[in-house]
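Given the structure is predicted, the values throughout are model-derived calculations rather than measurements. For ligands, and for the atoms within them, numbers begin at 1 and follow the listed sequence.
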Amino acid sequence: MSLADIDRSRVPVHIACVMDGNGRWANIRGLPRTEGHAAGEAALLDAVEGALEIGVKWLTMFAFSTENWRRPVDEVRYLMNFNEGLLLRRRDELHEKGVRIRFSGRRDWRVPKRVIRRMDESAALTASNKRMTLTMAFNYGGRAEIVDAVKSIVADRVPIDKVDERTIRSRLYYPDMPDPDLVIRTSGEYRISNFLLWELAYSELVFMDVLWPDFRRSHLYEAVAEYQRRERRFGGVRQQ
Ligand code: IPE
Ligand code: IPE
Ligand code: MG
């Protein structure tokens with residue numbers, strides 16, 4: 001799949017990816033699972049490049065879920081260090097490309113302080129970039145995000161008749177982020193795994209067989225081409 005196959009006038013504004021399959025990628029090579037996460041870095045960077053090339057304005061990547069704490073401690077520790085290192089290695093080049101980096105998820109005691117510090121530094125460094133917003137969903141859970149929104153509504157004693165969909169949206173982690181037009185999940189699993197539950201109500205879902213470390217911008221283009229073949233209705237009927 002190449003750039004030429006994409007209708008540049010109908011590129012999704014927001015693409016969200018569930019970067020899945022790192023462990024299996026490593027397994028079939030007889031490597032520890034952590035090698036799969038390491039190999040996923042190149043895939044992430046190529047996906048960012050591809051998204052920039054076609055003019056995607058928002059890209060959201062699922063890097064660590066609120067359920068991933070269930071993994072062996074060594075793998076969790078590796079993922080914390082890996083994500084910290086990834087920021088150190090890549091934030092300058094992302095900054096030069098005009099990417100604004102953000103983090104979405106819970107900042108609870110389990111996330112090491114130094115990882116939080118790197119996140120804050122990277123977000124501050126890139127805060128005024130306009131070309132694309134790259135949101136890393138880290139210690140993110142869709143249900144947790146909705147719970148946090150409800151807590152903030154209750155804490156502010158919002159009257160019950162003032163609570164509507166807009167109220168909830170305004171208390172999500174990033175109310176300015178448009179809903180994803182396209183959600184891509186790699187590794188051949190057909191599930192959402194607690195990603196962006198509120199936001200993906202009307203997203204087009206594309207499931208791909210590729211394992212995340214093998215993902216390249218050509219796969220992104222393939223998913224965008226599939227998206228462009230879909231008809232979005234939002235509950236209505238097609239305009240004649
Ligand atoms: C996705 O790959 C990365 C994270 C969840 C952090 P996995 O580690 O889930 O890989 P598989 O699904 O076991 O192959
Ligand atoms: C989703 O993948 C989370 C991330 C990609 C960070 P998982 O591998 O954790 O999801 P399940 O366990 O297969 O549903
Ligand atoms: Mg997985």
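- Close contacts between ligand 2 and Asn68 involve ligand atoms 3 (C), 6 (C), 9 (O) [criterion: under 4.0 Å to a heavy atom].
- For ligand 2 and Met19, the ligand atoms under 4.0 Å from any heavy atom of the residue are 5 (C).
- Every residue two or more places apart in sequence or in another chain that forms a ring-ring contact (aromatic ring centres under 6.0 Å, His included) with Phe207 is listed here: Tyr190.
- The heavy-atom pair separating Pro32 from Ala26 by the smallest distance is O-CB, 3.2 Å.
- Remark: side-chain polar atoms of Thr126 are not paired, donor with acceptor, to backbone N or O of Arg91 under 3.5 angstrom.
- The single protein non-hydrogen atom nearest to atom 6 (C) of ligand 1 is Ala63 O, 3.4 Å, given as residue, atom name and distance.
- Under a 4.0 Å criterion applied to the non-hydrogen atoms of Phe64, ligand 2 contributes the atoms 6 (C).
- Taking all atoms of both residues into account, the shortest heavy-atom contact from Val18 to Phe62 is CA-CB, 4.1 Å.
- The protein heavy atom nearest to atom 14 (O) of ligand 2 is Ser193 OG, 2.5 Å.
- Annotation: protein N, O or S atoms under 2.8 Å of the Mg ion (ligand 3) (waters excluded) comprise Asp20 OD1.
- Nearest heavy atom pair, residue Leu220 against residue Ala51, reads CD2-N, 3.5 Å.
- The two residues Pro12 and Leu182 have their closest heavy-atom pair at CG-CD2, 4.1 Å.
- Taking any N or O of Arg191, backbone or side chain, at least one lies under 3.5 Å from an N or O belonging to ligand 2.
- Near Arg24, meaning under 4.0 Å from one of its heavy atoms, ligand 1 places the atoms 11 (P), 12 (O), 14 (O).
- Within a 6.0 Å sphere centred on CZ of Arg143, other residues, nucleotides and ligands contribute 12 heavy atoms or fewer.
- No side-chain donor from either of His14 and Asp179 sits under 3.5 Å from a side-chain acceptor of the other.
- Nearest protein heavy-atom neighbour of atom 10 (O) of ligand 1: Gly23 N, 2.8 Å.
- For atom 12 (O) of ligand 2, the nearest protein heavy atom is 4.0 Å or more away.
- The shortest N or O to N or O distance between Trp25 and ligand 1 is not below 3.5 Å.
- Smallest separation of non-hydrogen atoms from Lys57 and Lys130: NZ-O, 3.2 Å.
- Within the 4.0 Å heavy-atom cutoff, Gly21 counts among the residues contacting ligand 1.
- Counting only distance, with no hydrogens or angles, the side chain of Arg216 and the backbone of Asp46 share no donor-acceptor pair below 3.5 Å.
- Ligand-side atoms of ligand 2 in range of Val18: 1 (C), 5 (C), range being under 4.0 angstrom from any heavy atom.
- When the options Met61, Glu67, Arg185 are ranked by their closest heavy atom to atom 2 (O) of ligand 2, first place goes to Arg185.
- Contact annotation: Arg71 has at least one heavy atom less than 4.0 Å from an atom of ligand 2.
- In this structure, a donor-acceptor pair under 3.5 Å is present between the side chains of Arg100 and Thr133.
- Between Met119 and Val115 there is a side-chain heavy-atom pair separated by less than 4.5 Å.
- Side chain of Asp120 to backbone of Arg117: no donor-acceptor contact under 3.5 angstrom is found.
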